[in-house]
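To keep things clear, I will list the structure first and then write my remarks on it.
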Amino acid sequence: MSRKTIDLPERFQFSTEYTVLYSDVNVANHLAADRIPAIAIEGQLRFVIALGYEHATAFEEAGLIMAHSEISYLSETDYGDRLRIDVAAVNFTAKSFELAFRLFNISKNIETARLRNTMLFFDYNTKSVCEVPAGFKEKVAAM
């Protein structure tokens with residue numbers, strides 16, 4: 001099977017650090033595969049807060065939902081390793097955009113994983129996808 005590569009943007013708008021917790025490791029004593037998306041979502045929350053919002057799931061009169069996700073697992077990470085989570089909002093359309101993530105292991109100086117999530121704004125009152133708010137795009141562009 002051919003291996004798919006997740007391309008990274010030229011620059012990331014946001015970075016934050018995360019220390020791998022004991023609850024993040026599996027019985028083999030390294031970062032569990034199912035914890036990578038959760039760590040990326042923690043980076044997403046911090047990114048949205050850095051944009052000036054209080055919540056990562058309900059803002060700009062709409063909710064933010066994930067429609068698609070891709071992950072490339074690149075290297076082993078252990079308990080206590082320090083990760084840098086790089087985040088970029090890219091590829092905007094009228095109703096969607098992508099969040100690109102790079103998890104970089106600072107402790108080992110190696111990339112751990114790449115993720116790309118397609119995000120939609122959702123109006124819970126009408127139960128439908130809505131346009132990406134102009135205010136959100138402006139805040140991302142200013143970052």
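Since this is a predicted model, take the numbers as computed values, not measurements.
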Report task. Applying side chain to side chain contact (heavy atoms under 4.5 Å, CB included), run through Thr112 and Leu31 and close with a yes or a no. Result -> CA-CA 10 Å; Thr112 294; Leu31 182 61; 4.3 Å; yes

Query raised in the report: Going through the distances and angles, do Tyr124 and Ile65 end up as a side chain to side chain contact (heavy atoms under 4.5 Å, CB included)?
Result: CA-CA 11 Å; Tyr124 286 96; Ile65 60 173; 3.3 Å; yes

Query raised in the report: With a 4.5 Å limit on heavy-atom distance, are the side chains of Ile39 and Asp24 in contact?
Result: yes

**Report entry** Distance-only side-chain donor-acceptor flag, Ser72 / Arg114, under 3.5 Å
**Finding:** no

Query raised in the report: When clusters are formed by joining ILVMFWY residues with side-chain heavy atoms under 4.5 Å apart, either directly or through shared neighbours, do Phe92 and Val90 land in the same one?
Result: no

Report task. Check the pair Glu98, Arg116 against salt bridge (Lys or Arg N to Asp or Glu O under 4.0 Å), reporting the backbone distance first and the verdict last. Result -> CA-CA 7 Å; Glu98 292 179 335; Arg116 191 169 285 261; 2.8 Å; yes

Query raised in the report: Do Gln44 and Leu64 come close enough that some side-chain heavy atom pair is under 4.5 Å?
Result: yes

Query raised in the report: What is the minimum heavy-atom distance between Ser107 and Asn105, and which atoms define it?
Result: N-OD1, 3.0 Å

**Report entry** Close side-chain approach of Phe47 to Thr16, heavy-atom, < 4.5 Å
**Finding:** no

Report summary line: Between Ala50 and Phe14 the two heavy atoms that sit nearest each other are CB-CE1, 3.6 Å

**Report entry** same_hphob_cluster(Leu99, Met143) at 4.5 Å side-chain heavy-atom cutoff
**Finding:** yes

**Report entry** Lys137 to Phe97, cation-pi by 6.0 Å centre distance and 45° axis angle
**Finding:** no

Query raised in the report: Are Val20 and Leu74 co-members of a hydrophobic cluster defined by side-chain heavy atoms under 4.5 Å apart?
Result: no

Report summary line: Here the pair of heavy atoms bringing Phe121 nearest to Glu131 is CB-O, 4.1 Å

Report summary line: Which of Thr19, Thr77, Ile106 passes side-chain contact (heavy atoms from CB on, under 4.5 Å) with Leu83? It is Thr77

Query raised in the report: Between atom CZ of Arg82 and atom CD of Glu17, what is the distance when rounded to the nearest 0.5 Å?
Result: 4.5 Å

Requested in this report: For Gly43 and Val87, work out which heavy atoms get closest and say how close.
Outcome: O-CG2, 4.0 Å

Query raised in the report: Do Ser15 and Ile85 have side-chain heavy atoms sitting under 4.5 Å apart?
Result: no

Query raised in the report: Which pair of heavy atoms, one from Pro37 and one from Ala33, lies closest together, and at what distance?
Result: CD-O, 3.5 Å

Query raised in the report: Does the side chain of Glu70 come within less than 4.5 Å of His68's, by heavy atoms?
Result: yes

Query raised in the report: Can you hop from Tyr18 to Phe12 via hydrophobic side chains spaced under 4.5 Å?
Result: no

**Report entry** Joint cluster assignment, Leu103 & Met66, ILVMFWY side-chain distance < 4.5 Å
**Finding:** yes

Requested in this report: Just jot down the ring-ring contact (aromatic ring centres under 6.0 Å, His included) partners of Phe104, sequence neighbours excluded, or say none.
Outcome: none

Requested in this report: Nearest 0.5 Å please: distance from the CG atom of Leu51 over to the CZ atom of Arg46.
Outcome: 14.5 Å

Query raised in the report: Are any non-hydrogen side-chain atoms of Lys108 and Asp81 less than 4.5 angstrom apart?
Result: yes

**Report entry** Least distance between heavy atoms, Ala88 atom then Gln13 atom
**Finding:** CA-OE1, 2.9 Å

Query raised in the report: Just by distance, with hydrogens left out, do Asn117 and Ser69 show a side-chain donor and acceptor under 3.5 Å apart?
Result: yes

Requested in this report: Apply the test side chain to side chain contact (heavy atoms under 4.5 Å, CB included) to residues Tyr73 and Ile36: give CA-CA distance (whole Å), side-chain angles for both, the deciding distance (0.1 Å), then the verdict.
Outcome: CA-CA 9 Å; Tyr73 302 94; Ile36 299 272; 3.6 Å; yes

Report task. For the residue pair Val132 and Met119, establish whether any side-chain heavy-atom pair is separated by less than 4.5 Å. Result -> no

Query raised in the report: Heavy-atom distance under 4.5 Å between the side chains of Lys95 and Phe122, does that happen here?
Result: no

